Amino acid sequence: MRGVDVMLLEKGDFCSGSSGGNHGLLHSGARYAVKDPESAKECVSESRILKGIAWNCIEDTGGMFVSVGKDDPGFADVFHDACKATGVRAARSTAKELHQVERNLSDDVADGFLVDDAVIDPFRLVLTNIEDARRHGATVRNHCEVVSFERSDGHIGEVKFKDQRNGSVGSVVPEVVVNAAGSSSGSIASMVGGNLAMTRDYGTLVVFSGKLVSGTVNRLRPPSDGDIIVPSHTSMIAGTTSRSISGPSDARPTIEDKELIIKEVSEMVPALRGARAIRAYGASRPLASGSSGRGASRTFKLIDHEEGGVDNLISIIGGKLTTYRMMAERTSDAVCAKLGVRANCTTGEEVMEASRLDEAVTLVSASQSESMRRRYGHVPSEMMNVVPVGSMGVQSCSCENVMRFELEHYASSEDVITIADLMRRTRAGMGYCQGTGCMWEMASALSDEGDIDLLIRDFVRERREGSSTVIEGDQLRQEMFRSHLLWPFQAARGGEER
Amino acid sequence: MSEEDRCIRCGSCMRACPVVSTFGESVFPGPRSLAVDAPRTGKPMSMDELLKCSICMMCRDACPSRIDLPRSILALRAANRRGTLRPGHKRLVENIDSYGYSVRPDEGVHGPYPCKGPTTCLFPGCISRWRRPEILDDAAYVLRSNGTEVACPEDLVCCGSPLEKIGEHERRERLVDRNFPILEKFERVVTTCPGCAGQIVGYGIDAMHIVEYLYEVVGVEHLVSGLDGKGLKIAVHMPCHLNRDVGPHTKEYVHSILGAIPGLKVVEYPEEDRCCGAGGSLLSGFPEMAAALAKGKASAADRAGADLIVTSCPFCVVNLTNAGTMRTLDIVSLLRTASNR
Amino acid sequence: MIDLPKKEVDVLVIGSGAAGAISAWDSAVKGLDVSMIGVGTPATEMSSGCIRFNDDRSVPEGLGLDRGDLEDAFSRAERFLIDEMKTSGLKMEGARRDQGRYYRCHGTIVPENIVQGPTSSGGLDRIEGERICVIGFEDRTEFDHRLFAKALAQRSDLRVEHIAVGTTNGVLRNSSVDDLLDMFVDAAGSASGEVVFVPPFISLKDIDRWEELEKRSGRKFAEPVMDLGMPGARLRDALISSASRAGVSITNGASIVGMSISKGSLNEVTVRSGHRLQHIECGAAVFCGGGLVGGGLGVSGKDVIDPLGLFDVRYLREGDGIDILARASSGGIRTGPGLEAIVDGEKVRNLFVAGASLPGMNIVEGNGIGDAMATALLASKAATEASR
Ligand SMILES: Cc1cc2nc3c(=O)[nH]c(=O)nc-3n(C[C@H](O)[C@H](O)[C@H](O)COP(=O)(O)OP(=O)(O)OC[C@H]3O[C@@H](n4cnc5c(N)ncnc54)[C@H](O)[C@@H]3O)c2cc1C
Ligand SMILES: Cc1cc2nc3c(=O)[nH]c(=O)nc-3n(C[C@H](O)[C@H](O)[C@H](O)COP(=O)(O)OP(=O)(O)OC[C@H]3O[C@@H](n4cnc5c(N)ncnc54)[C@H](O)[C@@H]3O)c2cc1C
């Protein structure tokens, strides 16, 4: 948007890092008001901006902070004052008022605040950004991992990347490199010989089927484990935990994490105890400061490695999804300064292209356009090209109400090579049956390019990883059912894997 | 955790649904989509879609997770009261408000014999009282000729089933309040309509469908003595609310009774338990759909080589007769015909 | 509500899947008065109708069953599948693969490894031809013909045409077989395939029309193996029809809700039928309620449970994460030695368990419908004796 020629490389799919592994809470700032006022202020301004420029990715649900029985009653005043000081809107409410908003709240809820939290769909947000960046001329490639940097005289020359589609190695010689590799930022920096002090802090989230809350529900206490419930599409996401990790091997949810989360969040919404957990996942918070865990500031840090001896590398770490735009603005300011570009950043004012699309809803039923609006924020007109003439098409995923033409539309994109890629774009397979029925439809939409065996196997493995810590009750029956359905497929394949 | 949360998406309910398999999911989304999926997405549901379920309960019986899908659909109808009703349903409500019956009383029909004395009440029900009065008459006849005198008090009104089906619970309560004091004085309440039987059981009164009464109290042997089936070949249509609400024991009863009538041949066909489309207020809301289902059912009976269809529900008689291809009799009418008198 | 009149039967079979049907059939052909009561869609009906007999007898032997008796039951079950099913209209054909024997309905093809070509081990059936035509319904999803066609097309030895035919709103033209036959014959005629794959569409009552299809078009027709649809329903209809012919009284839609057991003996079973309860006195009963999918077993937390709360249940307690699947597969109702149910730690002399309700019978790649049937024949034998 500032006239710079940009290339973005992503080793997995878009949003496969922390950005796809979070709550999706568009913070009003309240959570940070007490301990981290700087973050809180950032959230206030950024959440307002995002509701404008990326409205198609946001459900403006509102939210609340509630104190439960044994919580410190003094914290409410501290919280209220801090919100006032940071400009966070928080309306003090009685238990009765809160119950009117959320009828599944615990009877132990004493009082609390209504706040301007909202829910953001991170997949949609990232994809909308990518689409918009492309429209402005950026080259964006997923499934391309940066594997090496050529460095001489404190300057990065050629950058090599490996395309996972065919294993080929490509290269580019950039003037400036931005390292926004999230929790891998440290290793990217060290690949170049730079140094980046950061800690990785892992958080687990549990997905429940169905919605018991209509807005976000937060615990009115200093940030801690299991104190947030976020409604998201057809499910609820509860979390989180905080555990310092050293490498990718510990970066997975544990049963203890899951149990802790359920114990804590069910103090706010007791019905969650019996709700059907369908999945647990998580991500690492790349925290900028040396401290770790809850104490670490959630603001971001921009590092120019010039002092460290690399003159064209900038790293951006920490922060939050909510403040991603601000982080990007500061980063591109730094880039522009290096390149001598004068143009101003306009990301705060311009509504993103995909958010601007008008709906061309003539071919789908009312309930389908409703569903597409929920999942995409609008009804993407270009998708209509593949709707079979004279029919409303066939439903492929009934958990999430996804039609075959939606799958076909995304499957034809260069970006999409796995079933999970397709799932991230359409939500097919994200419901409680975890793709039991629609994975075949997704495989067949993709199978022109891909090996069917591999597609299915990868997807089943990916889904099982996510379900292994929560699988019990009817979700276990669900998984058993799916295993049975895989049988004819295995038989046809030779049956070497369960 | 709600019952619907137990779904494992095996699709058995969708495959069992007669409305889905006849019209397709684009016309009727089907039991799972309505009862399990829609509430999860929180999307506003169209009352029209909800009203296309015939509450045949095939899905409930098909569910390996034992989810009572029809009950959920009824609850959604009730929760969706703002949704507009079909013209037929509006008429039904008006009729109940004006006359206490879901259909408009016909001047020519005279209410049956309000007689004092008997301890058994034959509950008239809207259809057999006003649309098919001969069924009520035949029922009273069959009972009387088998030693049971019945009363049929004039003040009884609609049982409330049609209101339950469109989510009109308060109105239904008012009808219950009118019927209950009358019914509770009787030792036994018998109905010709399975829908009424189920409703009255819901009042807390042990109502019996007439098939149950004939089998359990009168006894098959007594009932069929002296009857002559006249060589008729009949196909049984098992009414959904008899088979799956009153209970599947009635299927055995119907077959025992019919099978014992000398000279009557019962033909077997796989569609015997399939819905005719009358129920769940489909007939009043979407008459074309009810008619298409009835046609399918009637032609199945026809293919099986039957001369006529015998069922045990006045509402099914109405709908199957509408199909126009097969003569359809209620079991009590058949019994009367077979008695040669 | 007043109870239904009491009933007496020699043998009561609970559950009407494969195990229930063959067990009821077996007792009835021996002249006993048998009732079978079931509700819900059995796993048997959800299956592909391709019946798997596991060569590995370790699961049933682990239940304390005698090897000789088992072999006898397995061969009786296989004979049943050929002789009885034929009388019910299903022509079953057997084949060997890996560690088992498989029976499927004539016309069903379990193709050899559809992707990697005919040399690798895999399915049961060689596709006899080089030119293949796959026909599917455009707007129905139960048979993914596009995926199937693409998979076949990835094989170098086959040339594949794919034809999608339309239905109206996804409805199989009101299920008229005549229309469907015409449609497939037409479609096949426009293609050059020697073997034509069509979605499984012929129900048991129309099964003899299959030949007509081949005769009219002069092609070989085949159905791919498929779960959750016609093949399983057809198998179940045939099983029910056999039981019914043998004189079993069958109730669909009622469920067993209780049992009265005293001094190691079952006296009475309580059944819910609609709004009412019925007490059935029986000489013996066989529980064939199925496994975790069919509904005979359930899961509470991580434990396999009996949803009726009647039986003692066996399962492993160790294991974590996804291992829990294997653990749950091994769960089931405790019996034995032999198939007598164990209730409150005590053997019940005239109550038997068969099929997927038994421990270890839920294993996905292992014991299928065939094993369920074999255990059911042993249970019916024992029940027949106990009821006298
Ligand atoms: C448990 C948890 C809950 C959270 N909840 C919220 C919340 O509710 N609201 C909120 O605002 N924030 C939340 N956050 C914070 C938020 O998720 C992160 O701050 C944000 O997503 C970070 O984005 P990022 O782009 O910096 O990193 P990432 O999203 O991790 O992106 C880095 C990307 O770089 C790629 N990459 C790495 N190495 C290479 C390479 N060699 N070549 C190419 N690509 C590479 C990765 O694949 C990855 O996709 C949460 C964080 C966690 C951990
Ligand atoms: C999706 C799927 C696909 C499969 N595919 C194959 C395959 O292709 N080949 C193969 O060989 N095997 C297959 N299997 C395994 C096989 O289906 C089962 O092992 C077998 O069918 C079990 O038979 P069963 O009679 O024991 O139980 P089921 O067939 O499940 O029957 C049990 C019946 O009892 C009823 N019941 C339970 N409790 C009660 C009660 N209290 N009162 C009344 N009724 C009750 C249940 O509702 C159910 O209808 C598959 C299984 C599944 C789930």
Side-chain angles (χ1 to χ4, degrees), chain A residues 59 61 104 208-214 231-236 271-278 364-375 391-395 397-403 427 430-438 473-482 484-485, chain B residues 1-17 19-21 23-53 59 62-69 72-73 75-77 79-80 82-84:
Chain A
E59 261 184 282
T61 57
N104 291 312
F208 294 92
S209 174
K211 279 192 197 175
L212 294 165
V213 294
S214 59
S232 171
H233 294 277
T234 59
S235 55
M236 290 169 290
L272 275 172
R273 184 162 284 294
R276 181 163 167 182
I278 53 180
V364 293
S365 65
S367 67
Q368 192 55 33
S369 73
E370 184 70 41
S371 153
M372 291 171 78
R373 214 167 278 131
R374 168 175 65 76
R375 287 175 292 118
S391 99
M392 295 200 286
V394 178
Q395 194 184 49
C397 163
S398 51
C399 288
E400 291 285 334
N401 206 2
V402 183
M403 306 296 276
R427 294 192 62 85
M430 284 194 183
Y432 62 87
C433 83
Q434 296 281 288
T436 300
C438 64
D474 287 307
Q475 199 58 28
L476 178 57
R477 291 180 60 233
Q478 179 75 63
E479 195 57 46
M480 187 69 86
F481 177 60
R482 193 233 297 270
H484 278 292
L485 293 183
Chain B
M1 179 162 123
S2 75
E3 197 182 70
E4 294 78 28
D5 266 348
R6 303 206 47 212
C7 176
I8 57 166
R9 201 163 285 273
C10 67
S12 299
C13 59
M14 302 291 274
R15 286 187 290 277
C17 176
V19 186
V20 168
S21 65
F23 302 100
E25 283 175 50
S26 57
V27 174
F28 175 61
R32 184 190 60 212
S33 312
L34 289 177
V36 181
D37 296 339
R40 291 173 61 250
T41 56
K43 85 166 188 214
M45 230 166 315
S46 113
M47 189 64 165
D48 267 12
E49 289 183 340
L50 286 168
L51 286 169
K52 282 178 190 160
C53 163
C59 54
C63 178
S65 301
R66 310 276 187 271
I67 302 172
D68 192 340
L69 295 138
S72 314
I73 291 175
L76 290 168
R77 286 181 183 177
N80 206 351
R82 273 161 299 133
T84 29

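Since the structure is predicted, the reported quantities are computational estimates derived from the model, not experimental observations. Naming: A, B, ... by sequence-line order, numbering from 1 per chain.
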Straight-line distance of A:Ser209 OG to A:Gln434 CD, nearest 0.5 Å: 9.5 Å
What one should report as the nearest heavy-atom pair of A:Arg482 and A:Gly435 is NH1-C, 4.1 Å
Positive for side chain to side chain donor-acceptor pair (under 3.5 Å) with B:Ser72, one of B:Glu4, B:Arg77, B:Glu3: B:Glu4
Is chain B contacted by the side chain of A:Tyr432, its backbone, both, or neither, given a heavy-atom distance below 4.5 Å? both
Answer with side chain, backbone, both or neither: which region of A:Gln475 has an atom nearer than 4.5 Å to a non-hydrogen atom of chain B? neither
My understanding is that only residues two or more places apart in sequence, or in another chain, count here; which of them pass salt bridge (Lys or Arg N to Asp or Glu O under 4.0 Å) with B:Arg32? B:Asp37
Toward chain B, the part of A:Ser398 with a non-hydrogen atom under 4.5 Å: both
